[in-house]
Colleague: 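Structure provided below as structure tokens; questions to follow.
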Amino acid sequence: MCSIMGYCGASASREAFLSGFEKTISRGPDDSRIIDTGKGLLGFHRLAIMGLHPEGMQPFAFEKSYVVCNGEIYGFEAMRKELSRKYTFVSDSDCEIILPLYKEYGVEMFSMLDAEFAMILYDGEREEYIAARDPIGIRPLYYGYDPAGTIVFASEPKNLMGLVQRIMPFPPGHYYKDGQFVCYCDITSVKEPLEDDLETVCRNIREKLTAGVEKRLVADAKVGFLLSGGLDSSLVCAIAAKKSREPIKTFAIGMSEDAIDLKYAKQAADYIGSDHTEVIITKEDVLSALEDVVALLGTFDITTIRASIGMYLVCKAIHETTDIRVLLTGEISDELFGYKYTDFAPSAEAFQEESKKRVRELHMYDVLRADRCISVNSLEARVPFGDLDFVKYVMAVNPEMKRNKYGKGKYLLRHAFERGGYLPETILWREKAAFSDAVGHSMVDDLKEYAEQQYTDEEFQEKCEKYTHAKPFTKESLLYRELFEKYYPGQSEMVADFWMPNKSWEGCNVNDPSARVLSNYGDSGK
């Protein structure tokens, strides 16, 4: 990961800029640079992944223009080769192509990129700023306006605290130009649903996910893998193991007494022959990390916070004990193929609408979790299930085919990898466990118990009344909201609401986001 920031006007104070920018140096500890464009400031903290030499340091400059980009541009070599006919490149960095590409195509270039990115560009000829974010929002970007009305962009909300009044997430799949946000790609939009049969769909899923993993293995820094023992991360690891000459390095985390997934992660690791590491945590580790996790996330959402504690602690261990810089993860599969609660979808249309909603909101929940937990430990997240070609294809698959009518959730994904010896049957066909529960049922129970101890019933009712947006509804949710307000006072609208199952569906009107409370959870937690 890297960190970018842009104070896009002449009112920019270097001192104020620096005070905000230095808060995310962990995203890019290798080098830092701030430049004055003449019309504002651009800053970049570097985590060197592609093009490790000093020439790859940003901001990149071309004529009077500058750009800072936190991202990975896949297949950039072919684009650079084409651009080399007119432009000279001095580094191996993928992001060096951005300014020449902009010179040739303007804002049309954003829809040309196969990338996960957030960027801020200063057009020196027009003396204007342009910013953009990838269609899923895998790379973070936020914005707000200072008292003079100048827009400020940054990788994280903490960069903007004290600089702007209201902090909001930059909408994924949009670019900002001339004071307007313009959608260049709605990744959930399906012009024509696919009519492919089951076997064709599954073959394409296998081929496209394999390609998504393979392109994310390319890095000049060392790569590792988070392996929970669930289907999604296990598939990413299995594909990578087949594509790698040496054993891949996998990491799993679990509570000391009841970690469901540690045994399954080891089964998967043994099967694919990975160099596997287990990180064991205790109740004390969980509770002592809670406030730090809320502060680094910038959310009050129950699901995100629960699932982040294990992820943060395993990434912390990786940072402290290895020289790995890049981590591949299994996020974004659920939003495409279904959760436990989407088994209750009343129709194919309802399933598809829920999937579209979740993909559009990913940047506030699972993607946010992966980005912050990994980047705060000076690592980079790569998400193969978020590959643009893969997401577009799965979103276009007939939703009736994606519904759980096979007696097993995510049937398409499982069936796609049934042949080829990717995973043992015990992993490939295992029921999904909630991520935070899989770290250990006791972890969620410990958090709930801790929250119960913080408030009397009267205090709980009284304190909940203070909030109108995303009003807390349990003592646990109130605890998280109060921790959030301590670090991001008055900024709750950065997150749409609590991530919860669709309560309008029969069987989903529950008061806890964990799949454990659903009637169909069954053997998932075993």
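Positions are given from 1 along the sequence.
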Colleague: Should the pair Arg382-Glu72 be classified as a salt bridge under the 4.0 Å nitrogen-to-oxygen rule?
Modeller: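 Result for this pair is yes, salt bridge flagged.
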Colleague: Taking atom NZ of Lys222 as the centre, report whether more than 12 heavy atoms of other residues, nucleotides or ligands fall under 6.0 Å from it.
Modeller: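 Not buried by this count: 12 neighbours or fewer within 6.0 Å.
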Colleague: Check this for me, if you would: do Glu214 and Lys242 make a salt bridge, where the nitrogen-to-carboxylate-oxygen distance has to be below 4.0 angstrom?
Modeller: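 No, Glu214 and Lys242 are not salt-bridged.
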Colleague: I would like to know whether Asp301 and Thr299 meet side-chain hydrogen bond (donor to acceptor under 3.5 Å, both in side chains); could you show each step before the answer?
Modeller: CA-CA 6 Å; Asp301 178 59; Thr299 189; 5.4 Å; no
Colleague: Tell me whether the NZ or CZ atom of Arg216 lies within the 45° cone about the ring axis of Tyr74 and under 6.0 Å from its centre.
Modeller: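 Yes, Arg216 and Tyr74 form such a contact.
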Colleague: What is the distance from atom CZ of Phe76 to atom SG of Cys95, rounded to the nearest 0.5 Å?
Modeller: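 Going from CZ on Phe76 over to SG on Cys95, the span is 9.0 Å.
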Colleague: Using modelled atom types and a 3.5 Å cut-off, is there a donor and acceptor pairing between side-chain atoms of Lys402 and backbone atoms of Val394?
Modeller: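 Yes; judged by distance alone, with no hydrogens or angles, the pair exists.
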Colleague: Report yes or no: does Thr200 contribute a side-chain atom to a donor-acceptor pair with the main-chain N or O of Asp196 at less than 3.5 Å?
Modeller: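 Checking the backbone N and O of Asp196 against the side chain of Thr200, no donor-acceptor pair under 3.5 Å is found.
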Colleague: Can any side-chain N or O of Tyr105 pair as donor or acceptor with the backbone N or O of Met112 at less than 3.5 Å?
Modeller: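 No: the side chain of Tyr105 does not pair with the backbone of Met112.
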Colleague: Would you call Lys215-Asp114 a salt bridge at under 4.0 Å N-O?
Modeller: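 The answer is yes: the pair qualifies as a salt bridge.
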Colleague: Do Tyr271 and Gln267 have a side chain donor and acceptor closer than 3.5 Å?
Modeller: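 Tyr271 vs Gln267: no donor-acceptor pair found between side chains.
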Colleague: Minimum heavy-atom separation for Cys202 and Ala416, please, with both atom names.
Modeller: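 Residues Cys202 and Ala416, closest heavy atoms: O-CB, 3.2 Å.
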Colleague: Checking the side chain of Arg369 only, and the main-chain atoms of Ser308 only, is there a donor and an acceptor separated by less than 3.5 Å?
Modeller: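 It does not hold such a pair.
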Colleague: Can you tell whether the side chains of Glu476 and Lys448 come within less than 4.0 Å, N to carboxylate O?
Modeller: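 So Glu476 does not pair with Lys448 through a salt bridge.
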Colleague: Under 4.5 Å between any side-chain heavy atoms of Ile253 and Glu278, yes or no?
Modeller: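 Not touching, per the 4.5 Å side-chain cut-off.
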Colleague: Considering only NZ, NE, NH1 and NH2 on the basic side and carboxylate oxygens on the acidic side, decide whether Asp387 and Lys392 come within less than 4.0 Å.
Modeller: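 Judged by the 4.0 Å cut-off on N to carboxylate O distance, Asp387 and Lys392 do not form a salt bridge.
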Colleague: Can you confirm if the aromatic rings of Trp499 and Tyr339 lie within a centre distance of less than 6.0 Å?
Modeller: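 Ring centroids of Tyr339 and Trp499 are less than 6.0 Å from each other.
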Colleague: Taking Glu335 first and then Arg360, would you say they form a salt bridge - that is, a charged N and a carboxylate O separated by under 4.0 Å?
Modeller: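 Judged by the 4.0 Å cut-off on N to carboxylate O distance, Glu335 and Arg360 do not form a salt bridge.
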Colleague: Looking only at non-hydrogen atoms, find the nearest pair between Arg80 and Ser91 and report the distance.
Modeller: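 Residues Arg80 and Ser91, closest heavy atoms: NH1-O, 3.1 Å.
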Colleague: Just by distance, no angles: are the side chains of Ser442 and Asp445 close enough, under 3.5 Å, to form a donor-acceptor pair?
Modeller: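 Distance-only check fails for Ser442 and Asp445.
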Colleague: Could you check if a side-chain atom of Phe300 sits within less than 4.5 angstrom of a side-chain atom of Val294, using non-hydrogen atoms only?
Modeller: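 No, every pair of side-chain atoms sits at 4.5 Å or beyond.
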Colleague: Under the side-chain contact (heavy atoms from CB on, under 4.5 Å) criterion, do Val223 and Leu328 qualify, and how do the steps go?
Modeller: CA-CA 8 Å; Val223 178; Leu328 269 68; 3.7 Å; yes
Colleague: For a 4.5 angstrom cut-off between non-hydrogen side-chain atoms, does Leu413 reach Asp232?
Modeller: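 Yes - at least one pair of side-chain heavy atoms lies under 4.5 Å apart.
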Colleague: What is the ring orientation for Tyr184 with Phe117, classed by angle as parallel under 30°, tilted 30 to 60°, or perpendicular over 60°?
Modeller: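 Judged by the thresholds at 30° and 60°, the geometry between Tyr184 and Phe117 is parallel.
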Colleague: Check whether Arg414 reaches the backbone of Leu231 with its side chain - one donor and one acceptor, N or O, closer than 3.5 Å.
Modeller: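 Side chain of Arg414 to backbone of Leu231, a donor-acceptor pair under 3.5 Å: no, none is there.
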Colleague: Closer than 3.5 angstrom, by distance alone: can the side chain of Asn377 be matched with the main-chain N or O of Cys373 as a donor-acceptor pair?
Modeller: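 Here the side-chain-to-backbone pair exists.
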Colleague: Looking at Lys81 and Glu77, does any basic side-chain N land under 4.0 Å from a carboxylate oxygen?
Modeller: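 No salt bridge links Lys81 with Glu77.
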Colleague: Look only at the side chain of Asn404 and the backbone of Lys408, and say whether a donor-acceptor pair between them is shorter than 3.5 Å.
Modeller: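 Yes, because the side chain of Asn404 sits within donor-acceptor range (under 3.5 Å) of the backbone of Lys408.
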Colleague: Which distance, rounded to the nearest 0.5 Å, do you find between the CE of Met79 and the CG of Leu113?
Modeller: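 Interatomic distance, Met79 CE to Leu113 CG, rounded to 0.5 Å: 5.5 Å.
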Colleague: Does the side chain of Thr277 reach to within under 4.5 Å of the side chain of Lys249, using non-hydrogen atoms?
Modeller: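 No, their side chains stay 4.5 Å or more apart.
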Colleague: For the pair Lys316 and Glu320, find out whether any cationic side-chain nitrogen is under 4.0 Å from an anionic carboxylate oxygen.
Modeller: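 Salt bridge: yes.
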Colleague: With a 3.5 Å cut-off and no angle check, do the side chains of Glu354 and Thr342 form a donor-acceptor pair?
Modeller: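 Glu354 vs Thr342: no donor-acceptor pair found between side chains.
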Colleague: Measure across Ala496 and Met364 and return the closest heavy-atom pair with its distance rounded to 0.1 Å.
Modeller: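 Where Ala496 meets Met364 most closely, the heavy atoms are N-SD, 3.4 Å.
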Colleague: State whether Lys208 and Asp389 are salt-bridged, where the test is any N-O pair (Lys NZ or Arg NE/NH1/NH2 against Asp/Glu carboxylate O) under 4.0 Å.
Modeller: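 Yes, charged N to carboxylate O under 4.0 Å.
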Colleague: Judged by modelled atom types alone, do Asp186 and Thr188 share a side-chain donor-acceptor pair under 3.5 Å?
Modeller: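 Thr188 and Asp186 do have a side-chain donor-acceptor pair below 3.5 Å.
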Colleague: If you compare all heavy atoms of Cys69 against all heavy atoms of Phe44, which two are closest, and at what distance to 0.1 Å?
Modeller: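 Heavy atoms only, the tightest pair is O-CE1, 3.5 Å.
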Colleague: Look at Lys357 together with Glu361 and state whether they make a salt bridge at an N to O cut-off of under 4.0 Å.
Modeller: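 The answer is yes: the pair qualifies as a salt bridge.
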Colleague: At what distance, to the nearest 0.5 angstrom, does OH of Tyr312 lie from CG of Asp292?
Modeller: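 Rounded to the nearest 0.5 Å, the OH-CG separation comes out at 5.0 Å.
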Colleague: Taking the six-membered ring of Tyr175 as reference, does the NZ or CZ atom of Arg133 fall below 6.0 Å from its centre and within a 45° cone about the axis?
Modeller: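 Verdict for Tyr175: no cation-pi partner in Arg133.
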Colleague: Working to the nearest 0.5 angstrom, can you tell me the gap between Asp334 CG and Lys340 NZ?
Modeller: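 Going from CG on Asp334 over to NZ on Lys340, the span is 11.0 Å.
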Colleague: Contact between Val236 and Thr329 at the side-chain level, heavy atoms closer than 4.5 Å - yes or no?
Modeller: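 Heavy-atom side-chain distance check fails, nothing below 4.5 Å.
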Colleague: Testing the basics here: between Met311 and Ile374, what is the closest heavy-atom pair and its distance to 0.1 Å?
Modeller: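 What the structure gives for the nearest pair is CE-CD1, 4.4 Å.
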Colleague: Check the side chains of His319 and Ser378 for a donor-acceptor pair under 3.5 angstrom, ignoring hydrogens and angles.
Modeller: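 No.
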Colleague: Rounded to the nearest 0.5 Å, what separation is found between the CD atom of Gln58 and the SG atom of Cys2?
Modeller: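 Answer rounded to 0.5 Å: 6.5 Å.
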Colleague: For Ala252 versus His276, what's the shortest heavy-atom pair and its separation?
Modeller: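 So the minimum-distance heavy-atom pair works out to CB-CE1, 3.7 Å.
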Colleague: Could you check whether Asn502 and Tyr341, counting side-chain N and O atoms only, form a donor-acceptor pair closer than 3.5 Å?
Modeller: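 Side-chain D/A pair, Tyr341 to Asn502: absent.
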Colleague: For Phe417 together with Tyr422, are the ring centres under 6.0 Å from each other?
Modeller: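 Yes, close enough.
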Colleague: Within this structure, what is the CD-CZ distance for the pair Glu400 and Phe351, rounded to the nearest 0.5 Å?
Modeller: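 Taking CD in Glu400 and CZ in Phe351, the distance rounds to 10.0 Å.
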Colleague: Hey, are Glu156 and Arg372 close enough for a salt bridge, meaning a charged N less than 4.0 Å from a carboxylate O?
Modeller: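 Yes.
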Colleague: Mind checking whether Met119 and Val68 have side chains closer than 4.5 Å, heavy atoms only?
Modeller: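 When only atoms from C-beta onward are counted, Val68 and Met119 do not touch, as no gap falls below 4.5 Å.
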Colleague: Between Asn70 and Ser3, is there a side-chain heavy-atom distance shorter than 4.5 Å?
Modeller: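 No, every pair of side-chain atoms sits at 4.5 Å or beyond.
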Colleague: Going by an N to O cut-off under 4.0 Å, is there a salt bridge joining Asp134 and Arg139?
Modeller: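 A salt bridge is absent here (no side-chain N lies under 4.0 Å from a carboxylate O).
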Colleague: Tell me whether Asp512 is salt-bridged to Arg306, with the criterion being a basic N under 4.0 Å from an acidic carboxylate O.
Modeller: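 The answer is yes: the pair qualifies as a salt bridge.
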Colleague: Going by atom types only, do Ser333 and Lys410 share a side-chain donor-acceptor pair under 3.5 Å?
Modeller: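 On atom types as modelled, these side chains qualify, holding a pair under 3.5 Å.
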Colleague: Say whether, by atom type as modelled, one donor and one acceptor occur between the side chain of Thr322 and the main chain of Ile324 under 3.5 angstrom.
Modeller: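 Yes, the answer is positive, given that a donor and an acceptor are paired below the 3.5 Å cut-off.
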Colleague: I'd like to know if the side chain of Ser244 and the backbone of Pro247 have a donor-acceptor N/O pair within less than 3.5 Å.
Modeller: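 Between the backbone of Pro247 and the side chain of Ser244 there is no qualifying donor-acceptor contact (under 3.5 Å).
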Colleague: Given side chains that start at C-beta, do those of Glu425 and Arg430 come closer than 4.5 Å, heavy atoms only?
Modeller: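 SC-SC contact between Glu425 and Arg430 ruled out.
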Colleague: Classify the side-chain pair Arg27/Ser375 by whether it contains a donor and acceptor separated by less than 3.5 Å.
Modeller: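 Their side chains do contain a donor-acceptor pair, which is all the 3.5 Å distance test asks for.
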Colleague: Just say parallel, tilted or perpendicular for the rings of Phe385 and Phe337, cut-offs at 30° and 60°.
Modeller: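 The arrangement is perpendicular - the two ring planes meet at more than 60°.
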Colleague: Check whether any side-chain N or O of Asn398 sits under 3.5 Å from a backbone N or O of Leu194 as a donor-acceptor pair, and report yes or no.
Modeller: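 Between the backbone of Leu194 and the side chain of Asn398 there is no qualifying donor-acceptor contact (under 3.5 Å).
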Colleague: Could you verify whether a donor N or O on one side chain and an acceptor N or O on the other, from Ser233 and Ser228, lie under 3.5 Å apart?
Modeller: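 Side chains of Ser233 and Ser228: pair found under 3.5 Å.
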